[in-house]
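Here the structure is laid out as structure tokens; the discussion comes afterwards.
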Amino acid sequence: MDRREMIKNLAILPMGGSLMSMSPLIDNRKKATGPLALDENIYRSLGVEPIINCRGTFTIIGGSIERPEVHQAMAAAAKNFVQYDELAFAIGERLAEITKADFGIITAGCAAAMKHATAACVTGGNPEKLLRIPDLSGMDKTEVIIPRHSRNVYDHAVRNIGVTIVEVDSPEELERALSPKTAMIYLISGRGAATGQPLSLENIAKIAKSHEVPILMDAAAENLTIPCVHFERGATMVAYSGGKAICGPQCAGLLLGRKDLMLSAWQASSPHHGPGRDNKVGKEEMLGMLAAVEAWTTRDHEKEWETWMQWLNQIADRATKIKGVTHSINLPDGLNNRAPMLLIQWDPNLLHITGAEVAERFGRTAPRIAVGSRNQDGLTAITISPNQMQEGEAKVIADRIHQTLSEKRKAIDNSMTPATANLSGKWDVEMAFFSSQSTHTWVLTQDGNWLNGTHMSDFAHQDIYGSMEGNKVVLRSNFRKPGDSVTFMFTGNLSGDTLSGEVFMGEYLTAKFTAKKSGDSPRKEKIMVPSGPPLAT
């Protein structure tokens, strides 16, 4: 999967794919047991159970495991002071030597790299312009073009500079959109920008060249290619995450590209004051990231792949000893999150459990294991990515899968308790967020246990659907805008004329809600339609 596909397929819960408990996530922690333990129990000493990562390089569970060279470099860097500009220039030259790029800088993550790159294209290294961000009034370069296929949750980093986003859908639209105001074109690596597509990087580069507009490629989760394939295809700058395939510091990123733009991007980065001061990257992370890039060139990538395959086969062999369980290993076809993926599949009507339920159980109970889940063609499955697994974990995973799928369970009961009330109508919904309140509206229709309708949130209207069993109600809606989305999952109980409970919002955690039927009476008024145009307006 490319990065954009990963975003689209993220499970609602960070560990799995089902909604088993609506309690606030923080309530899942145990109480801290004492002072911080400076050993393998450091998380448990805070009451947090660590996780075996079979999902991949997701920031929400820690990204990637840092290389030993990274730890050594960071520890060494912590022992002295250094002038940051001198350090940045020296690192830039070393990155150019290693990667064959013109120059490079270390940033506070890939999103920071995108932000600094955008600032560089807007300001051209002029500090007076830099200090005006995000107020771009009176400035020459104020627009960034993004093909619609590249809109994603991470382009907030580009928008943070205050630019106007211009979306395009075709080469013809791109030609028309380019103007003296265009500061940059942003792309996320993946299918939409792939060779052969109408708005591929190559095609965009041909069109942008005559306008001298730089192109930023977001390659956050990609393997580092030397020389970088995106420069060969026409990109001006390429941004990587430090805490993904490169296995550098989780809070570091890498921006490679044309030297003049890299120097302007560094000027827009901390320690310099301005809009990038809040994206501080320390000397330790800078040298840790450089060490990770150096290590990339000496790592035995073929041996790593062989180890991953051994782990997956070990897990698959154990799981498929259970009657009705099959497996397949899917191989990647691109650079994003480049690792094999194991699919363990079964008929949920045979084993009486779904992949989402397995993922939820694994994610919430020790030993905690983060796996993916999916359903297809009447079968259910869990997915396992090995690239962030560690030595010895394959046996733990294999044993847990075998134990769980071997358990005797009752057949899945899909019957539903009749609803105790009819919720059809308009509802005023008081939302209580962490530190604010808001009023939403539902308009619901009910057919037996099933509910459908419209959810009017603060800034949009979206479909809502769900069910009612007894007095328990579960509803779901999705707020969407270009590049962003929020899932609202309401669960509550009806008491009298009041429905109250919790709202699970995925990565945005939880809120509480109280809903009451609106007192508005339905209008019953005949409408007279005139037979001609009005005589007065």
Side-chain angles (χ1 to χ4, degrees), residues 82-93 95-96 101-146 154-166 174 177-187 204-205 207-218 231 234-240 252-283 286:
V82 68
Q83 206 283 334
Y84 271 39
D85 293 309
E86 294 175 1
L87 177 61
F89 299 152
I91 288 175
E93 292 170 355
L95 286 172
D102 198 27
F103 205 72
I105 66 170
I106 308 299
T107 63
C110 186
M114 293 160 54
K115 179 180 175 183
H116 302 331
T118 309
C121 294
V122 167
T123 68
N126 182 335
E128 198 171 353
K129 291 182 177 180
L130 180 69
L131 296 179
R132 287 179 60 83
I133 290 173
D135 178 7
L136 305 188
S137 57
M139 293 171 64
D140 300 326
K141 304 291 186 182
T142 60
E143 295 180 353
V144 170
I145 295 174
I146 306 180
Y154 302 104
D155 67 38
H156 264 285
V158 174
R159 288 181 270 152
N160 284 344
I161 297 302
V163 295
T164 299
I165 300 300
V166 179
L174 175 59
L178 285 163
S179 77
K181 292 183 177 181
T182 306
M184 184 182 82
I185 299 170
Y186 165 81
L187 289 168
I204 289 173
I207 296 168
K209 186 175 182 180
S210 62
H211 297 265
E212 298 183 346
V213 173
I215 301 169
L216 170 63
M217 175 62 80
D218 174 2
F231 291 135
T236 318
M237 301 173 286
V238 181
Y240 293 93
L254 178 65
L255 182 64
L256 303 174
R258 209 173 74 198
K259 186 172 182 178
D260 62 329
L261 287 174
M262 295 300 97
L263 294 176
S264 293
W266 171 247
Q267 180 196 69
S269 169
S270 178
H272 313 111
H273 293 95
R277 178 69 183 186
D278 56 351
N279 300 115
K280 183 182 288 187
V281 57
K283 60 188 187 296
M286 292 168 75

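Treat the numbers as computed from the prediction; the structure is a model and nothing was measured.
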Rounded to the nearest 0.5 Å, how far does OG1 of T236 lie from NZ of K209? 11.0 Å
Nearest heavy atoms of M114 and L216, plus distance in Å: CA-CD2, 4.0 Å
Could you pull out the closest heavy-atom pair between V163 and V158, with the gap in Å? CG2-O, 3.6 Å
To the nearest 0.5 Å, how far apart are CE in M184 and CE in M237? 5.5 Å
Assess whether side-chain contact (heavy atoms from CB on, under 4.5 Å) is satisfied between V144 and T164, documenting all intermediate values. CA-CA 6 Å; V144 170; T164 299; over 6 Å; no
Short side-chain to backbone donor-acceptor contact, N279 and A112, under 3.5 Å: no
Stepwise, does the side-chain contact (heavy atoms from CB on, under 4.5 Å) test hold for M217 with F231? CA-CA 9 Å; M217 175 62 80; F231 291 135; over 6 Å; no
Looking at every non-hydrogen atom in both residues, tell me the closest pair between C121 and P214 and how far apart they are. SG-CG, 3.5 Å
Which heavy atom in H272 sits nearest to a heavy atom in D85, and how many Å separate them? NE2-OD1, 2.7 Å
Once rounded to the nearest 0.5 Å, what's the spacing between atom CD of Q267 and atom CG of N126? 7.5 Å
Applying salt bridge (charged side-chain N to carboxylate O under 4.0 Å, His left out), name anything that partners D260, two or more places apart in sequence or on another chain. R258
Return the NE2 to CD1 distance between H211 and I145, rounded to the nearest 0.5 Å. 8.5 Å
Residue list, salt bridge (charged side-chain N to carboxylate O under 4.0 Å, His left out) with D155, at least two apart or on another chain: R151, R159
R132 meets the salt bridge (charged side-chain N to carboxylate O under 4.0 Å, His left out) criterion, sequence neighbours left out, with D135
When rounded to the nearest 0.5 angstrom, what is the spacing between CG in L255 and CE in M262? 3.5 Å
I215 to A208 - nearest heavy-atom pair and separation: CD1-CB, 4.3 Å
Within 6.0 Å of NZ in K181, more than 12 heavy atoms from elsewhere: no
Identify, with sequence neighbours excluded, every residue that meets side-chain contact (heavy atoms from CB on, under 4.5 Å) alongside I91. L87, L95, I106, M286, L287, L290
In sequence, state the C-alpha distance, the side-chain angles, and the governing distance for F103 and L261, and then conclude on side-chain contact (heavy atoms from CB on, under 4.5 Å). CA-CA 9 Å; F103 205 72; L261 287 174; over 6 Å; no
Correct closest heavy-atom pair for A120 and A265 would be CB-N, 3.5 Å
Of all residues at least two apart in sequence or in a different chain, which pass the side-chain contact (heavy atoms from CB on, under 4.5 Å) check with P271? Y84, W266, R277
Selection residues 107-121 - residue pairs positive for salt bridge (Lys or Arg N to Asp or Glu O under 4.0 Å), sequence neighbours left out: K115-D278
Separation between CG (L130) and OG1 (T123), nearest 0.5 Å, reads 5.5 Å
